[in-house]
K.L.:
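To start, I am sharing the structure in question, which I have written as structure tokens.
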Amino acid sequence: LGTFTFTRDIGKEGQWKFVVSWGGDDKYDNASSNEYVLKVESAIGKVIIVQGGGDEDNNKDWRMFNSLSTYVYEAFKRRKFNDEDIYYLSPKREKDVDAVTSLENLEYAITQWAPSKLNSDLSLYIYIITHNGSKGMLVDKVDGTETYLTGEKLDSWLDQLEGKCKDITIVIEACYSGGLVDKLSGEGRIIITSAQASSEATIWTNYSFTNFFFDRLVENRNVKESFESASKDVEADELFGDQQPQLEANGDGVSNAMDDKVVAESKYIDGNYDSLTKLSEPPEIVEVSKDQELSAGKNETTVWARVSSID
């Protein structure tokens, strides 16, 4: 009689089933437990989403900025990141938003929240959408007072994550954002900007570099494929003018080189890949009409099928 313990190191993702049994002896009868099921999932990276530029009263592009930041949030959720994996900054405190966008809150997200959630096996993803110019990225605008974030300041915050995460992927949707590449590049960082240093970034409703890029990532394409596909979409449409997205991944500060693409080719966004297979599964056909035979001189008839709904 008594309580017995048994410890096993699983170390592998999947659904594990356990049954504990005792064969019995001269003193005690045999015994068997119920089946226990334990689901083990791989830990995934963390995300910081930053919507800058001010709220709807101070930013004429608020609606599109808000739409895109929400879209990116939902893209990570589709990859099975949960609310605890995402720190969402927005000028307006709404559902799913963790804090109002400010320099102090962004510094906290990068230098305190992220390190508390990460380890050397997990990646950090940062998405920033805002206005950008000679003063830096416009973090916030309240009653005419503007707050900017320079590439140098952002770089200093990222430096504090050295050794605390696997790597960092930064996506910036902003005018002239390519000018930030050399300031942010470094070992273990992938820097992606929607435009080069000399060009504005065009955003249309549901039609932007952000949409094109994250559409591909959600399909489980690697960063290189996603970037190249999104870049082709941008550069092929005259609505975007001469906008040219930039990718820097090998730490030398030079964008769109072959070495950058080699590094980016091995990078995928974390998440539950198996859950995405439903997107390509055909619906189940549950009932069809009887076979039809066309008689001479008749060139049409009616057939039908009933299919199951698709979640």
Side-chain angles (χ1 to χ4, degrees), residues 47-56 59-76 86-92 97 101 106 109-110 124-141 147-151 154 158 168-181 183-185 189-218 223 226-237 239-249 255-256 264 269:
V47 181
I48 298 173
I49 297 175
V50 185
Q51 180 188 332
D55 61 19
E56 65 265 51
N59 179 13
K60 63 181 178 61
D61 295 316
W62 152 266
R63 183 176 60 83
M64 286 188 287
F65 280 20
N66 188 59
S67 175
L68 282 180
S69 61
T70 300
Y71 171 80
V72 172
Y73 175 84
E74 294 297 337
F76 279 105
I86 305 173
Y87 200 88
Y88 190 175
L89 294 169
S90 172
K92 188 175 181 179
V97 172
T101 307
L106 179 52
I110 295 174
L124 175 64
Y125 307 95
I126 301 175
Y127 174 79
I128 301 173
I129 179 168
T130 188
H131 298 293
N132 179 55
S134 59
K135 296 180 181 179
M137 290 179 282
L138 181 59
V139 174
D140 196 16
K141 182 177 180 180
T147 305
Y148 291 90
L149 173 64
T150 64
L154 178 56
L158 297 175
I168 303 172
T169 300
I170 305 171
V171 181
I172 303 176
E173 177 73 75
C175 295
Y176 316 111
S177 48
L180 297 163
V181 168
K183 299 176 178 64
L184 300 177
S185 66
R189 299 181 189 176
I190 296 177
I191 313 299
I192 297 166
T193 66
S194 61
Q196 70 272 41
S198 60
S199 174
E200 295 182 348
T202 300
I203 299 174
W204 300 86
T205 303
N206 299 322
Y207 198 66
S208 66
F209 172 79
T210 292
N211 294 104
F212 302 148
F213 182 65
F214 279 92
D215 280 348
R216 307 302 183 271
L217 289 179
V218 168
V223 170
S226 301
F227 175 80
E228 289 184 333
S229 178
S231 296
K232 287 180 180 177
D233 289 341
V234 168
E235 294 170 12
D237 195 325
L239 290 174
F240 293 95
D242 63 351
Q243 182 178 336
Q244 297 176 352
Q246 304 292 298
L247 166 68
E248 204 290 304
S255 303
N256 294 355
I269 298 298

K.L.:
What I'd like to find out is whether the side chain of I126 reaches to under 4.5 Å of the side chain of T169, using heavy atoms alone.
P.N.:
no

K.L.:
Just verifying a value: how many Å separate S67 OG and I203 CD1, rounded to the nearest 0.5 Å?
P.N.:
9.5 Å

K.L.:
What pair of heavy atoms forms the shortest contact from A75 to V218, and how long is it?
P.N.:
CB-CG2, 3.7 Å

K.L.:
Once you round to the nearest 0.5 Å, how far does CD1 of I48 lie from OH of Y87?
P.N.:
9.0 Å

K.L.:
Looking at C175 and A201, what are the two nearest heavy atoms and their distance?
P.N.:
SG-N, 3.3 Å

K.L.:
How long is the straight-line distance from CG of D215 back to CG of D233, given to the nearest 0.5 Å?
P.N.:
9.0 Å

K.L.:
Please report the shortest heavy-atom distance between L154 and I110, naming the atom on each side.
P.N.:
CD1-CD1, 3.6 Å

K.L.:
Can you name the residues that form a side chain to side chain contact (heavy atoms under 4.5 Å, CB included) with N59, not counting sequence neighbours?
P.N.:
D61, W62, F65, H131

K.L.:
Heavy atoms, side chains only, cut-off 4.5 Å: are L184 and I172 in contact?
P.N.:
yes

K.L.:
Locate the shortest heavy-atom distance separating N132 from A174; write the atom from each residue and the value.
P.N.:
CB-CB, 3.8 Å

K.L.:
Side chains of L158 and I170, heavy atoms from C-beta outward: is any pair under 4.5 Å?
P.N.:
yes

K.L.:
Report yes if some heavy atom in the side chain of E173 is under 4.5 Å from a heavy atom in the side chain of F209; otherwise report no.
P.N.:
yes

K.L.:
Can you find a heavy atom in the side chain of M137 that is under 4.5 Å from one in the side chain of Y148?
P.N.:
no

K.L.:
Can you name the one residue among V72, L68, I269 that meets side-chain contact (heavy atoms from CB on, under 4.5 Å) with F214?
P.N.:
V72

K.L.:
Would you give the length of the straight line joining atom CG of N206 to atom CZ of F212, rounded to the nearest 0.5 angstrom?
P.N.:
10.0 Å

K.L.:
Is there a side-chain contact between K141 and T130, using heavy atoms and a 4.5 Å cut-off?
P.N.:
no

K.L.:
Does any non-hydrogen side-chain atom of Q243 lie less than 4.5 Å from one of T202?
P.N.:
yes

K.L.:
Rounded to the nearest 0.5 Å, what's the gap from CG on L247 to CD1 on I191? Could you check?
P.N.:
9.5 Å

K.L.:
Taking only residues two or more places apart in sequence, or in another chain, which ones meet R189 in a salt bridge (Lys or Arg N to Asp or Glu O under 4.0 Å)?
P.N.:
D155, D159

K.L.:
Taking all heavy atoms of L149 and all of L106, pick out the closest pair and write down the distance.
P.N.:
CD2-CD2, 3.6 Å

K.L.:
Are any of the side-chain heavy atoms of S194 and P245 separated by less than 4.5 Å?
P.N.:
no

K.L.:
Give the intermediate values and the outcome of side-chain contact (heavy atoms from CB on, under 4.5 Å) for residues E235 and F240.
P.N.:
CA-CA 7 Å; E235 294 170 12; F240 293 95; over 6 Å; no

K.L.:
With sequence neighbours left out, write down each residue that passes side chain to side chain contact (heavy atoms under 4.5 Å, CB included) with Q196, or none if nothing qualifies.
P.N.:
S198, S199, D242, Q244, Q246

K.L.:
Give a yes or no on whether a salt bridge exists between R63 and E56, defined as a side-chain N under 4.0 angstrom from a carboxylate O.
P.N.:
no

K.L.:
Atom OG in S69, atom CD in Q51: separation rounded to 0.5 Å?
P.N.:
3.5 Å

K.L.:
Suppose we call two aromatic rings close when their centres sit under 6.0 Å apart. Are F76 and Y127 close by that rule?
P.N.:
no

K.L.:
Locate the shortest heavy-atom distance separating I190 from A249; write the atom from each residue and the value.
P.N.:
CG1-CB, 4.0 Å

K.L.:
Mind checking what makes salt bridge (Lys or Arg N to Asp or Glu O under 4.0 Å) contact with D55, not counting sequence neighbours?
P.N.:
none

K.L.:
Is K232 salt-bridged to D237, going by a charged N under 4.0 Å from an acidic O?
P.N.:
no

K.L.:
Just to verify, what does T70 make a side chain to side chain contact (heavy atoms under 4.5 Å, CB included) with, not counting sequence neighbours?
P.N.:
N66, E74, Y88

K.L.:
Just jot down the side chain to side chain contact (heavy atoms under 4.5 Å, CB included) partners of T150, sequence neighbours excluded, or say none.
P.N.:
E152, K153

